[in-house]
Amino acid sequence: MSAINGVSTASSDITSVLAQNPALCVADFPLVINDLTVAYRDKPVLQDIDLYVPSGRLCAVIGPNGAGKSTLIKAALGLIPAAAGTVRIFGKSYADARDRVGYVPQRTSVDWDFPTTAIDVVTMGTYGKLGWLKRPGKAEHERAMHALEQVKMADFAQRQISQLSGGQQQRVFLARALAQDAQLYFMDEPFVGVDAVTEEAIIGLLKSLRGQGKTVIVVHHDLDSAPEYFDWLVLLNVRLMASGPFEGTFTTDNLRRTYGGAMSAAIKHFEHLGR
Amino acid sequence: MNVLDLITDYTLRNVALGSALLGIVSGVLGCFAVLRRQGLLGDALAHAALPGICLAFLLTGSKTPLVLLLGAAVAGWLGTLALLRIVRDTRISEDSALGIVLSVFFAIGILLLTFISKRNDANQAGLDKFLFGQAAALISDDIAAMLILGTIALVVIALLYKEFKLITFDAAFAASIGLRTNLLGVLLTSLIVIAVVIGLKTVGVVLMASMLVGPAVAARQWTNKLGAMVALAAMFGALSGVTGAALSMTSDGLPTGPMVILALTAIVLLSLFFAPERGLVWDWMRRLQHKEAKFQGPGPNA
């Protein structure tokens, strides 16, 4: 049993954590998932998931293709109905905690030839707090511009989004999430197909978010870079394989269980490194 | 006929107003239909509207425009729902489902139309105009019905513009910030139904889908902003509507629908070839210049 920020972390089950830390309650945790099962046409995509992520963490969600990583995020955001189980964001249902959550979908999930500019996409991040019928005004525009500056894309504000590179498009998506001004961020594969500049920008951003006490949950696929970037880990393959502080969870054993008999090249790579 | 007649002459004024109105509404709604890749949905919807018109007439015995258009709207809406259900609940792909819904509803429509025309009912004259459209047959009641429906559609779009833009661009993100994307999607589709219904008497069920797709496609070539695209599409729609309707009235019995669509096609082609940035002509010229700059001699077509 280890103690992280005063939080004992023996189990991925929140009840035992709360039992050992009477001063804490569920509302202190950005994300708590209990017994979550998600199914597509009777086929389980996620089964009996129990996990929690403490505040101020950069959390990687790692697992093989088809492990349900994106589904986990989408279920947490209420985009996919759960067959069973509950998701609590700061102790509330997603619908009640929505204002405190930001979301970066996979870049390839939208048509980048849509007739709009970078700044306009980022402004969409302000819509949630703006509410129905109201149009974004000067305040929203400024918030969007500030978000673009944070990802070093201010010079591209008026650029049509199809004219941006993949990495620049990814940064626009990140800026849109920043404009949401959230406490908890979900990011779906933000590092896929991006250039080195963008990767650096994203890392810098993640760290600055953590510095502000925010929590970021990132679907990630690159085992190589994961130890460098993250301090909390969720290993997933339909079921939860392991979760907890990165150091103690990122073990060859856990990875082998997560990736199964397929023994991905990545794990061999790690054995080679002597981990 | 001169330009002044468009304002003073009763028939011409109706035609000009009606076709401009239909162009504006279908241009605006068409932008969303095209960006949501639902351009062909309008086609299924328009064909599905025909039995609705016939049934509305059979049930009420009235040719009041609002009654017929409501019949069309209900049938078009049912057709759309059938289509969406087929795609959701079966393994039939969207294009096949579209083909099925479109032809079944249209077949029923033609059957009903034949049945009605054989009844020797003097009142039925004119229903067949819904096939290819006859702007000259527009009466002020038609214009009033179109004006009411069109205004509703445009007001809803104006009020929910940012929501519609967001669900069209990124539905998952829209849902994550709490927008009811399914509900908004159904609403948007219902507005597209309205746009189609407005054009039925002028352009006809067979060609109405082009009035949704054409102005939007042409407008997209000239701008990279949705707001500008919507405004341009409304303009292109109105322009082709009025031009086509006016042309169809130069000769007796010339169907309006095909004339409107031909006018629209001219605008679409001009846009595809000559719009800055996206225009094919500039593309070809750039490539040609590129080749010459590289001293590779003239291209094969030069």
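Letters A, B, ... are given to chains in the order of the sequence lines, protein chains preceding strands, and every chain is numbered from 1.
- Taking a 6.0 Å sphere around NE2 of A:His146, one finds it holds 12 or fewer heavy atoms contributed by other residues, nucleotides or ligands.
- For B:Arg286, the CZ atom counts as densely surrounded, since its 6.0 Å shell holds more than 12 non-hydrogen atoms of other residues, nucleotides or ligands.
- One finds the NZ atom of A:Lys134 at 13.5 Å from the CG atom of B:Leu159 (value rounded to the nearest 0.5 Å).
- Between chain B and the residues A:Leu77, A:Asp120, A:Val104, the most heavy-atom pairs under 4.5 angstrom are made by A:Asp120.
- Enclosure of atom CG in B:Asp89 by more than 12 non-hydrogen atoms of other residues, nucleotides or ligands within 6.0 angstrom is indicated.
- Using a 4.5 Å cut-off between heavy atoms, A:Leu133 touches chain B through backbone and side chain atoms alike.
- Residues A:Ser162 and B:Asn224 form no side-chain contact, since every pair of their non-hydrogen atoms from C-beta on lies 4.5 Å or further apart.
- Relative ring orientation between A:Phe173 and B:Phe169 is described as perpendicular, the plane-to-plane angle rising above 60° on a 0-90° scale split at 30° and 60°.
- Of all heavy-atom pairs between A:Pro115 and B:Leu35, the closest is CD-CD2, 3.5 Å.
- Between atom CD1 of residue B:Ile177 and atom CD of residue A:Gln180 there is a gap of 7.0 Å, rounded to the nearest 0.5 Å.
- Atom CG of B:Leu166 and atom OG1 of A:Thr123 lie 11.5 Å apart (nearest 0.5 Å).
- Residues A:Leu79 and B:Ala175 share a closest heavy-atom pair of CD2-CB, 3.3 Å.
- Of the listed residues (A:Trp112, A:Tyr127, A:Phe186, A:Tyr103), the greatest number of heavy-atom pairs within a distance under 4.5 Å of chain B belongs to A:Tyr127.
- Side chains of A:Phe114 and B:Thr168 form a contact here, defined as non-hydrogen atoms less than 4.5 Å apart.
- Among residue pairs with one or both ends in residues 94-117 of chain A, those qualifying as salt bridge (Lys or Arg N to Asp or Glu O under 4.0 Å) are A:Asp111-B:Arg37, A:Asp113-B:Arg220, A:Asp113-B:Arg278; sequence neighbours excluded.
- Proximity to chain B (any heavy atom under 4.5 Å) is shown, for A:Gln106, by neither the backbone nor the side chain.
- In terms of heavy atoms, A:Pro105 sits closest to B:Phe173 at CG-CB, 4.3 Å.
- No more than 12 heavy atoms of other residues, nucleotides or ligands sit less than 6.0 Å from atom CG of B:Asn182.
- With a 4.5 angstrom heavy-atom cutoff, A:Val121 touches chain B only via side-chain atoms.
- Note: B:Lys162 leads B:Lys162, B:Lys225, B:Lys165, B:Met229 in heavy-atom pairs under 4.5 Å with chain A.
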